[in-house]
K.L.:
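Got a structure for you, written out below as structure tokens; questions coming shortly.
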Amino acid sequence: GENAPVRIAILADHYTNEQEQEFNYDVENLIKYGLLADDFFKDYASSIHVTSYFDETTAGQESRFGFELGPGDGNCTVKAPDDILSKLLAAVGTGTVLPSHFGVIGNHKYNIGCTSGSWSYIARDAIGTDVLQHELGHLVGLLFDEWAMPSNGTTPHPGLISNQFNC
């Protein structure tokens, strides 16, 4: 329910008004048939509450929130503006129960995801992969990628030790 410890707001980015139903299908595919069908996450379904929010991205804009694909921060393939949390909160409104995490589905033909702080950005072509589950490991579980571990700071990816605490 709304008071679950993990409350995820899923927001649309780079979708037009004509693509609202596509966004709804993307949410269903990522959450119902992806995340909640995953062997690990399905056991915690009662602890997760997901609400989706649709609004169009103005024609000509790449992102209604100011996300940029490509340059990224660190190993991330997505860069967010400094005021991203304010923008995400404004998009969901100030209801009685605020989300604990934000997931943004970008209407892009890429199989990518990126997490920073309390938000994750997942491109729609990541549907059918474990990208969302991986990003939620960062978002909710505070897990690091292998190459982000301080002990691996000088080890080039992919030459990493596979049995360390990571995603």
K.L.:
Sequence neighbours excluded, which residues qualify as salt bridge (Lys or Arg N to Asp or Glu O under 4.0 Å) partners of Glu20?
P.N.:
none
K.L.:
Tell me, do Val131 and Asn111 make a side-chain contact under 4.5 Å, heavy atoms counted?
P.N.:
yes
K.L.:
Any ion pair linking Asp83 and Lys87 (charged N to carboxylate O, less than 4.0 Å)?
P.N.:
yes
K.L.:
Are any non-hydrogen side-chain atoms of Thr51 and Pro99 less than 4.5 angstrom apart?
P.N.:
no
K.L.:
What is the ring orientation for Tyr15 with Phe23, classed by angle as parallel under 30°, tilted 30 to 60°, or perpendicular over 60°?
P.N.:
perpendicular
K.L.:
Does Glu135 use its side chain to pair, donor to acceptor, with the backbone of Thr115 at less than 3.5 Å?
P.N.:
yes
K.L.:
After noting the C-alpha distance and the side-chain angles of Val104 and Leu88, does the key distance pass the side chain to side chain contact (heavy atoms under 4.5 Å, CB included) rule?
P.N.:
CA-CA 9 Å; Val104 179; Leu88 296 175; 3.8 Å; yes
K.L.:
For Tyr110, is the OH atom crowded, meaning more than 12 foreign heavy atoms sit under 6.0 Å from it?
P.N.:
no
K.L.:
Between Leu69 and His108, is any pair of side-chain heavy atoms under 4.5 Å apart?
P.N.:
yes
K.L.:
May I ask you to check whether Trp119 and Phe65 place their ring centers less than 6.0 Å from one another?
P.N.:
no
K.L.:
Is it possible for you to say whether Tyr25 and Val50 belong to one hydrophobic cluster, with membership spreading through side-chain heavy-atom contacts below 4.5 Å?
P.N.:
no
K.L.:
Kindly determine whether Ile127 and Asp26 satisfy side chain to side chain contact (heavy atoms under 4.5 Å, CB included), including the steps that lead there.
P.N.:
CA-CA 7 Å; Ile127 291 170; Asp26 291 346; 3.5 Å; yes
K.L.:
Around atom OH of Tyr44, are there more than 12 heavy atoms from other residues, nucleotides or ligands closer than 6.0 Å?
P.N.:
no
K.L.:
If you draw a 6.0 Å radius around CG in Asp82, do more than 12 non-hydrogen atoms from other residues or ligands fall strictly inside?
P.N.:
no
K.L.:
Flag the pair Ile105 / Leu11 as yes when at least one side-chain heavy-atom distance between them is below 4.5 Å, and no otherwise.
P.N.:
no
K.L.:
State, to 0.1 Å, how close Gln19 and His14 come at their nearest heavy-atom pair, and which atoms those are.
P.N.:
OE1-O, 4.0 Å
K.L.:
Just jot down the side-chain hydrogen bond (donor to acceptor under 3.5 Å, both in side chains) partners of Glu18, sequence neighbours excluded, or say none.
P.N.:
Thr16
K.L.:
Is there a side-chain contact between Glu68 and Val78 (heavy atoms, below 4.5 Å)?
P.N.:
no
K.L.:
Starting at OG of Ser52, measure out to CD of Glu28 and round the result to the nearest 0.5 Å.
P.N.:
10.5 Å
K.L.:
Dump the intermediate steps for side chain to side chain contact (heavy atoms under 4.5 Å, CB included) on Ile8 and His49, then the final yes or no.
P.N.:
CA-CA 6 Å; Ile8 304 170; His49 179 75; over 6 Å; no
K.L.:
Do Tyr33 and Ile10 share a hydrophobic cluster (ILVMFWY, side-chain heavy atoms under 4.5 Å, transitive)?
P.N.:
no
K.L.:
Keeping Arg124 on the side-chain end and Lys109 on the backbone end, is there a donor-acceptor pair under 3.5 Å?
P.N.:
no
K.L.:
Do you know the tightest heavy-atom contact between Glu22 and Asn107?
P.N.:
OE2-OD1, 3.6 Å
K.L.:
How close do Thr77 and Gly113 get, heavy atom to heavy atom, and via which atoms?
P.N.:
OG1-O, 4.2 Å
K.L.:
Could you give me the CA-CA distance, side-chain angles and deciding distance for Arg64 and Asp55, then say whether side chain to side chain contact (heavy atoms under 4.5 Å, CB included) is met?
P.N.:
CA-CA 9 Å; Arg64 63 187 260 232; Asp55 200 356; 3.4 Å; yes
K.L.:
As an exercise, state the distance from NE2 of His101 to CD1 of Ile48, rounded to the nearest 0.5 Å.
P.N.:
10.0 Å
K.L.:
If we check side chain to side chain contact (heavy atoms under 4.5 Å, CB included) with Ile84, which of these qualifies: Phe67, Tyr121, Phe102?
P.N.:
Phe67
K.L.:
Taking all non-hydrogen atoms of both residues into account, name the closest pair between Ala126 and Ile112 and its distance.
P.N.:
CB-O, 4.1 Å
K.L.:
Give the minimum heavy-atom separation between Thr57 and Ser63, together with the two atoms involved.
P.N.:
CG2-C, 4.0 Å
K.L.:
What is the minimum heavy-atom distance between Pro5 and Ser100, and which atoms define it?
P.N.:
O-OG, 3.6 Å
